[in-house]
Amino acid sequence: MEDKLKQFVQTHRDEFDNEQLPEGHFERFEAKLPAQRHTLRPRIITLAAFAAAACVAFLLIYKLPFGLDGEHKAPYVCELRQEVDEVKLFYHMQMNDIVTQMEDIYAQAQVPGTADLLKETKKMQLDSQKFEKEVLPSLPCSSDAVFTINQYYGNQLESMRHMLEYMTQLSGHQTHY
């Protein structure tokens, strides 16, 4: 039966395409549909849920500085910060002392090669500043970080001492390091 109906529709397709629906058809069809209630309650609930989700997302993204109990928490500070600062100060003092000695030697006797040694030593100081700005902040707050700092500055300082010793040999001065 379905095949006969389908075949009938296909053979008389032109007639169906051109025929207009009777007047008032849509109104009668809508009258048979169940009535829709337009209330504000679903919209209010949806809006409230969206606002609550936005607040939660905001709090998670920006991490409130206080806990659930409302007490203010101090921002995280590395416990080893003071030790790191002391280690940096120690090595800076040592490096500055070597540079000062090299500048004195260079000022007294400008022997060929001493200017290059002084220049390279100052370049090492600039590298140390770059290390402090770029690498140091990325190190974890642990004893490994202090070890890394000691290794880096220790190597820098040892190289500077070798350059001071070589500069002293070139110029014939006695040094105290």
Side-chain angles (χ1 to χ4, degrees), residues 38-177:
H38 296 284
T39 62
L40 290 178
R41 178 172 265 175
R43 287 185 183 173
I44 292 173
I45 291 173
T46 304
L47 185 61
F50 178 74
C55 288
V56 168
F58 180 78
L59 293 176
L60 290 176
I61 289 172
Y62 292 103
K63 296 179 186 170
L64 290 176
F66 51 83
L68 294 176
D69 55 0
E71 290 183 25
H72 184 68
K73 290 183 181 176
Y76 174 74
V77 177
C78 180
E79 306 87 35
L80 299 173
R81 190 67 171 147
Q82 183 177 358
E83 184 177 351
V84 168
D85 290 341
E86 289 172 359
V87 168
K88 284 183 353 187
L89 179 64
F90 169 77
Y91 282 112
H92 280 270
M93 290 172 62
Q94 296 289 317
M95 287 190 275
N96 287 338
D97 185 45
I98 289 173
V99 170
T100 303
Q101 288 179 38
M102 291 177 85
E103 288 172 340
D104 290 345
I105 292 171
Y106 178 73
Q108 290 174 4
Q110 295 182 0
V111 177
T114 56
D116 293 332
L117 288 171
L118 183 59
K119 181 180 172 185
E120 289 302 314
T121 304
K122 289 186 178 186
K123 197 184 288 185
M124 289 177 74
Q125 273 188 315
L126 291 174
D127 288 342
S128 294
Q129 291 172 358
K130 188 175 180 182
F131 172 80
E132 288 176 17
K133 289 179 183 174
E134 295 176 8
V135 177
L136 211 65
S138 67
L139 294 176
C141 180
S142 67
S143 58
D144 291 339
V146 175
F147 176 77
T148 302
I149 294 166
N150 276 318
Q151 286 292 107
Y152 178 80
Y153 283 118
N155 290 337
Q156 292 282 82
L157 192 59
E158 190 63 31
S159 297
M160 287 176 148
R161 283 185 180 139
H162 286 299
M163 287 195 273
L164 174 62
E165 183 179 335
Y166 186 62
M167 189 179 215
T168 303
Q169 290 173 356
L170 286 174
S171 64
H173 283 88
Q174 292 294 323
T175 184
H176 59 279
Y177 58 91

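Treat the numbers as computed from the prediction; the structure is a model and nothing was measured.
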> Quick one: are V135 and T148 in side-chain contact, heavy atoms under 4.5 Å?
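Heavy-atom side-chain distance check fails, nothing below 4.5 Å.
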
> Can you find a heavy atom in the side chain of M124 that is under 4.5 Å from one in the side chain of E120?
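Result no, sub-4.5 Å side-chain heavy-atom pair not found.
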
> Please report the shortest heavy-atom distance between I98 and M160, naming the atom on each side.
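Residues I98 and M160, closest heavy atoms: CG2-O, 3.8 Å.
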
> Which distance, rounded to the nearest 0.5 Å, do you find between the CG of L164 and the OG1 of T114?
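It is 12.0 Å, given to the nearest 0.5 Å.
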
> Going by side-chain hydrogen bond (donor to acceptor under 3.5 Å, both in side chains), Y153 matches just one of Q94, E132, K88. Which one?
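One option only clears the test, and that one is E132.
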
> Which atom pair, heavy atoms only, marks the closest approach of Y106 to A115?
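Minimum heavy-atom separation between Y106 and A115: CE1-CB, 3.5 Å.
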
> Between atom CG of D116 and atom CE of M167, what is the distance when rounded to the nearest 0.5 Å?
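Between atom CG of D116 and atom CE of M167 there are 9.5 Å.
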
> What distance do E83 atom CD and I149 atom CD1 have between them, rounded to the nearest 0.5 Å?
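The CD1 atom of I149 is 9.0 Å from CD of E83, to the nearest 0.5 Å.
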
> Less than 4.5 Å apart, any side-chain heavy atom of T121 and any of Q125?
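With C-beta onward as the side chain, the pair stays apart.
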
> How far apart are the closest heavy atoms of S171 and I105, and which atoms are they?
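Minimum heavy-atom contact is OG-CG2, 3.2 Å.
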
> Identify, with sequence neighbours excluded, every residue that meets ring-ring contact (aromatic ring centres under 6.0 Å, His included) alongside Y152.
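Result, ring-ring contact (aromatic ring centres under 6.0 Å, His included) vs Y152: F131.
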
> Under the criterion side chain to side chain contact (heavy atoms under 4.5 Å, CB included), I'd like the reasoning laid out for R161 against E165: C-alpha separation, chi angles, the key distance, then a yes or no.
CA-CA 6 Å; R161 283 185 180 139; E165 183 179 335; over 6 Å; no

> Please check if any side-chain donor atom of N155 sits under 3.5 Å from a side-chain acceptor atom of Q151, or the reverse.
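Per modelled atom types, N155 and Q151 side chains form no pair under 3.5 Å.
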
> What I'd like to find out is whether the side chain of L117 reaches to under 4.5 Å of the side chain of L170, using heavy atoms alone.
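Yes - at least one pair of side-chain heavy atoms lies under 4.5 Å apart.
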
> Roughly how far apart are K123 NZ and L118 CG, rounded to 0.5 Å?
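With rounding to 0.5 Å, NZ (K123) is 12.0 Å from CG (L118).
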
